[in-house]
Every structure is written in structure tokens, then in C-alpha cells.
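To keep things clear, I will list the structure first and then write my remarks on it.
Treat the numbers as computed from the prediction; the structure is a model and nothing was measured. All values below were derived from every heavy atom in this structure, side-chain atoms included, with hydrogens, water molecules and symmetry-related copies excluded.
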Amino acid sequence: MKKHSREEILSKLARADELARAGSSQVDVCKTLGVSVMTLHRWRKLPLPRQEADIPQDNAGEAAVSIKPPATDQMRHVLEELKLENQRLRKIVTDLLLEKMRLEEAAVSASPPQSETQGVIQALLGPANSR
């Protein structure tokens, strides 16, 4: 098991975000980074280094430097990307459900009526081993 340094993790997370924005799937991102999907998921849940601690504070405890919220154009761009990703994922789910239904219909029409137990046994053993 390889132990990654904090800097390595941060650079790989940044690269993963770039690849995800480019439209790569999570599996492809993980293959590119050389880590498992669970490792990437665990890394994303890690607390990131706090950049706010570097900001000098005045006596009242408020930040001396004002932190600007993200620009409206930037938020709109992120929202559009999320909408496109959501649309792509919905299409994938729909395609998979249609394929599943087609396979189920083909299996029902191709096989003669039989008991549920016989169907499971035949599916596990295959047609060559049925009696």
C-alpha cells in the first residue's frame, strides 16, 4: 500500500478536478492518477489545508483582508457545467434502464415457462448442463 504525501494528494485532487471538468469519468480519472475510486473518494472527504489561517486579523477578530465571493459569471459557468453533467448522467441511466428492459423482454420471450428455481439453476449452470 502506497502512502501519498499531503502535497501529492493535493496535486492529484487538483488534477482530478481538471479531468472531471474536461468530461472524464471517475474511473478514467482514477486510472490516470493511479489510485482507486475509494482512495479518491476518501481524499475528497479530507479536510483541506486552511488558507484563512494565513490572513492577518485585527483586534476585533475580523479578517483585515475582505474575502470576495465568487463572481456571478464564474458561478453561472459552474452551474452550466453541473447541468451538462447532470444531463449526461440522466441519459446514461435512461440508456441502461432501456437496455435492461430489452434484455428482460428477450429473456422472457426466448425461454419456455419454467419454475423460478429451475430458471435460476439453468442460468447458473448454463444450457449444456441442463437435463
> Can you name the side chain to side chain contact (heavy atoms under 4.5 Å, CB included) partners of E99, sequence neighbours left out?
Replying inline: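 Result, side chain to side chain contact (heavy atoms under 4.5 Å, CB included) vs E99: R102, L103.
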> Taking the hydrophobic residues Ile, Leu, Val, Met, Phe, Trp and Tyr, and joining any pair whose side-chain heavy atoms are under 4.5 Å apart, which ones share a cluster with V93?
Replying inline: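 Members alongside V93: L97.
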>> Other members of the hydrophobic cluster containing L98, with the 4.5 Å side-chain heavy-atom rule, please.
In response: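 Its cluster partners, ordered by chain and number, are none at all.
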> Sequence neighbours excluded, which residues qualify as ring-ring contact (aromatic ring centres under 6.0 Å, His included) partners of H4?
Replying inline: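 By the ring-ring contact (aromatic ring centres under 6.0 Å, His included) rule, H4 matches W43.
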Partners meeting side-chain hydrogen bond (donor to acceptor under 3.5 Å, both in side chains) with [X] (sequence neighbours left out):
{"X": "S24", "result": "none"}
{"X": "K91", "result": "D95"}
{"X": "R42", "result": "T39"}
{"X": "S25", "result": "D28"}

Let me confirm one number: the [atom1]-[atom2] distance from [X] to [Y], rounded to the nearest 0.5 Å.
{"X": "K12", "Y": "L19", "atom1": "NZ", "atom2": "CG", "answer": "12.0 Å"}
{"X": "L13", "Y": "E8", "atom1": "CG", "atom2": "CD", "answer": "11.0 Å"}
{"X": "L33", "Y": "I9", "atom1": "CG", "atom2": "CD1", "answer": "12.0 Å"}

Sequence neighbours excluded and cut-off under 3.5 Å, please list the side-chain donor-acceptor pairs for residues 73-82, or say none.
unit_1 : atom_1 : unit_2 : atom_2 : d
D73    : OD1    : R76    : NH1    : 3.4
H77    : NE2    : E81    : OE2    : 2.7

Who passes salt bridge (charged side-chain N to carboxylate O under 4.0 Å, His left out) against [X], sequence neighbours left out?
{"X": "R90", "result": "none"}
{"X": "E18", "result": "R15"}
{"X": "K100", "result": "E104"}

> Do L84 and I92 share a hydrophobic cluster (ILVMFWY, side-chain heavy atoms under 4.5 Å, transitive)?
Replying inline: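 No; tracing contacts between hydrophobic side chains, which count when under 4.5 Å, never links both residues.
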>> Could you walk me through whether V35 and H41 satisfy the side chain to side chain contact (heavy atoms under 4.5 Å, CB included) test, starting with their C-alpha distance in whole Å, then the side-chain angles of each, then the deciding distance to 0.1 Å, before giving a yes or no?
In response: CA-CA 10 Å; V35 297; H41 180 68; over 6 Å; no
